[in-house]
Amino acid sequence: MELRHLRYFAAVAEVMNFTKAAARLRVAQPSLSRQVQDLEDEIGVDLLKRSPRGVTLTAEGKLFLAETLETLKRVDESVEKVRALARGEYGELHIGYAPSPTVEVLPRALAAFRYAAPGVKVVLHDLAGDELCEGLHRGTLEIAVMIQPSAESGAGLKFEELKRYPYYVAMAPGHALSKLKSVTVERVAAEPLVGLRRLDYSEYYRILDGIFAPHRVRPHIAVECDGASSLIAEIEVGRGIGVVSEVFQRVAGKRLVYRRISNSDAVQRVGIVHAQKGDVTPAGEKFCEILRKISAKAEGRTKRA
């Protein structure tokens with residue numbers, strides 16, 4: 001029994017006539033009659049009652065027709081799902097992200113992707129940098145939108161830059177450094193610093209080292225936080241100042257005051273990361289392409305401003 005046998009039988013049952021069904025299927029009528037007879041022989045029952053005026057369904061034929069139509073429907077749906085999957089319009093996409101660095105591009109990309117591929121279920125994973133890399137290595141994440149990982153944690157991963165942001169000093173309103181137009185690395189090193197927890201954000205300390213080491217000073221970490229919200233709160237109440245990227249201002253808003261670090265050219269690179277040997281699905285590729293377009297538009301607006 002093959003699918004064509006089911007389709008032929010369904011066509012005959014629909015019009016109750018072999019000649020009309022053969023014309024609709026564009027096959028020879030004798031061939032159609034033989035295929036349906038072969039189907040009946042294989043099942044071992046008569047599905048149709050034949051007469052010079054046409055055909056009618058037997059009781060067995062009525063039951064088999066209902067099952068046949070349901071089977072053909074499932075087959076057609078399966079084919080369409082597979083085709084949609086190949087077009088990046090169906091499936092499940094697991095995306096890891098770091099909230100603060102991606103606030104400019106990720107929400108817009110998600111909105112555009114959901115419009116372009118409503119059949120794809122997007123599962124977001126808000127994780128620390130080290131956890132994102134681990135998820136990509138394990139395959140629980142297909143892609144991540146995050147800051148560039150170090151050579152060590154990024155081994156086996158591919159990074160594609162989308163945006164880069166200079167670093168600022170964030171402080172509570174009224175802080176002594178807020179009277180300056182910009183702040184040197186040396187002045188930052190003299191202040192207590194509110195940072196992220198080293199256990200989960202090893203990349204953050206690599207960034208700090210890139211900012212402070214060239215000036216032969218070290219930051220004084222007064223408080224370690226488990227995320228952006230607590231970091232903002234600790235800076236706001238005066239526990240210390242923070243080294244943050246330009247895009248961080250979109251998260252904290254006017255709760256804090258920001259001053260550019262004047263003598264450092266360090267930048268935060270944000271982009272797409274995926275496993276070099278991992279399988280990026282068509283849906284993942286579609287989402288990455290939307291991220292690229294959103295980032296390019298954001299860059300254009302920044303240059304015009």
Side-chain angles (χ1 to χ4, degrees), residues 3 70-165 200-203 227-228 245 247 250-251 268-300:
L3 280 177
E70 185 63 29
T71 298
L72 293 175
K73 178 183 177 182
R74 288 198 297 269
V75 169
D76 291 341
E77 289 174 347
S78 298
V79 170
E80 182 50 39
K81 285 180 180 179
V82 170
R83 289 173 176 170
L85 183 68
R87 296 193 302 265
E89 299 172 0
Y90 183 79
E92 188 170 279
L93 180 59
H94 287 259
I95 301 172
Y97 73 105
S100 299
T102 62
V103 68
E104 184 179 20
V105 296
L106 185 59
R108 295 175 183 173
L110 287 169
F113 182 74
R114 282 168 178 156
Y115 178 80
V120 178
K121 179 183 178 182
V122 176
V123 183
L124 295 175
H125 301 264
D126 176 355
L127 301 169
D130 294 348
E131 293 172 323
L132 290 170
C133 292
E134 184 180 351
L136 292 169
H137 284 300
R138 291 202 316 264
T140 55
L141 300 177
E142 185 172 327
I143 60 175
V145 190
M146 58 184 292
I147 63 173
Q148 183 179 16
S150 65
E152 181 180 356
S153 60
L157 303 178
K158 182 178 180 181
F159 174 79
E160 177 187 345
E161 182 177 308
L162 295 173
K163 296 282 293 181
R164 59 175 61 185
Y165 304 99
D200 298 321
Y201 296 90
S202 64
E203 298 298 331
S245 73
V247 74
R250 292 177 178 264
V251 179
Q268 182 184 74
R269 291 178 170 84
V270 177
I272 303 166
V273 184
H274 63 83
Q276 289 180 345
K277 296 183 179 180
D279 179 25
V280 178
T281 62
E285 292 288 0
K286 183 184 288 287
F287 185 75
C288 290
E289 184 56 34
I290 289 176
L291 276 169
R292 296 181 190 107
K293 291 180 180 178
I294 294 293
S295 300
K297 288 181 180 178
E299 187 68 25

Checklist entry - Is the closest side-chain heavy-atom distance between Glu203 and Ile147 below 4.5 Å? => result yes
Item to check | Side chain proximity check, Asp130 to Tyr201, heavy atoms < 4.5 angstrom | outcome: no
Checklist entry - Leu132 versus Val273: any side-chain heavy-atom pair under 4.5 Å? => result no
Checklist entry - Residues two or more places apart in sequence or in another chain: which of them pass ring-ring contact (aromatic ring centres under 6.0 Å, His included) with His125? => result His94
Next on the checklist: Within the structure provided, determine whether Pro101 and Met146 are in side-chain contact (heavy-atom separation under 4.5 Å).
Outcome noted: no
Checklist entry - Sequence neighbours excluded, which residues qualify as ring-ring contact (aromatic ring centres under 6.0 Å, His included) partners of His274? => result none
Next on the checklist: If you define the side chain from C-beta out and look only at heavy atoms, does anything of Leu141 sit under 4.5 Å from Leu127?
Outcome noted: yes
Next on the checklist: Holding to side chain to side chain donor-acceptor pair (under 3.5 Å), I want the full list of residues that pass it with Glu131, two or more places apart in sequence or in another chain.
Outcome noted: none
Considering only distance and modelled atom types, tabulate donor-acceptor pairs under 3.5 Å from the side chains of residues 155-162, sequence neighbours left out.
from, atom 1, to, atom 2, distance (Å)
Glu160, OE1, Arg292, NE, 3.4
Glu160, OE1, Arg292, NH2, 3.1
Glu160, OE2, Arg292, NE, 2.6
Glu161, OE1, Arg164, NH2, 3.2
Glu161, OE1, Arg269, NE, 3.2
Glu161, OE2, Arg164, NE, 2.9
Glu161, OE2, Arg164, NH2, 3.2

Checklist entry - Looking at Ile290 and Ala112, what are the two nearest heavy atoms and their distance? => result CG2-CB, 3.8 Å
Checklist outcome for this item: residues 135-156 vs salt bridge (Lys or Arg N to Asp or Glu O under 4.0 Å), sequence neighbours excluded, gives Glu134-Arg138
Which atom pairs, donor and acceptor, lie under 3.5 Å between side-chain atoms of residues 75-85 and protein residues at least two apart or in another chain?
from, atom 1, to, atom 2, distance (Å)
Asp76, OD1, Arg7, NH2, 3.3
Ser78, OG, Arg74, O, 2.8
Glu80, OE2, Arg87, NH2, 3.0

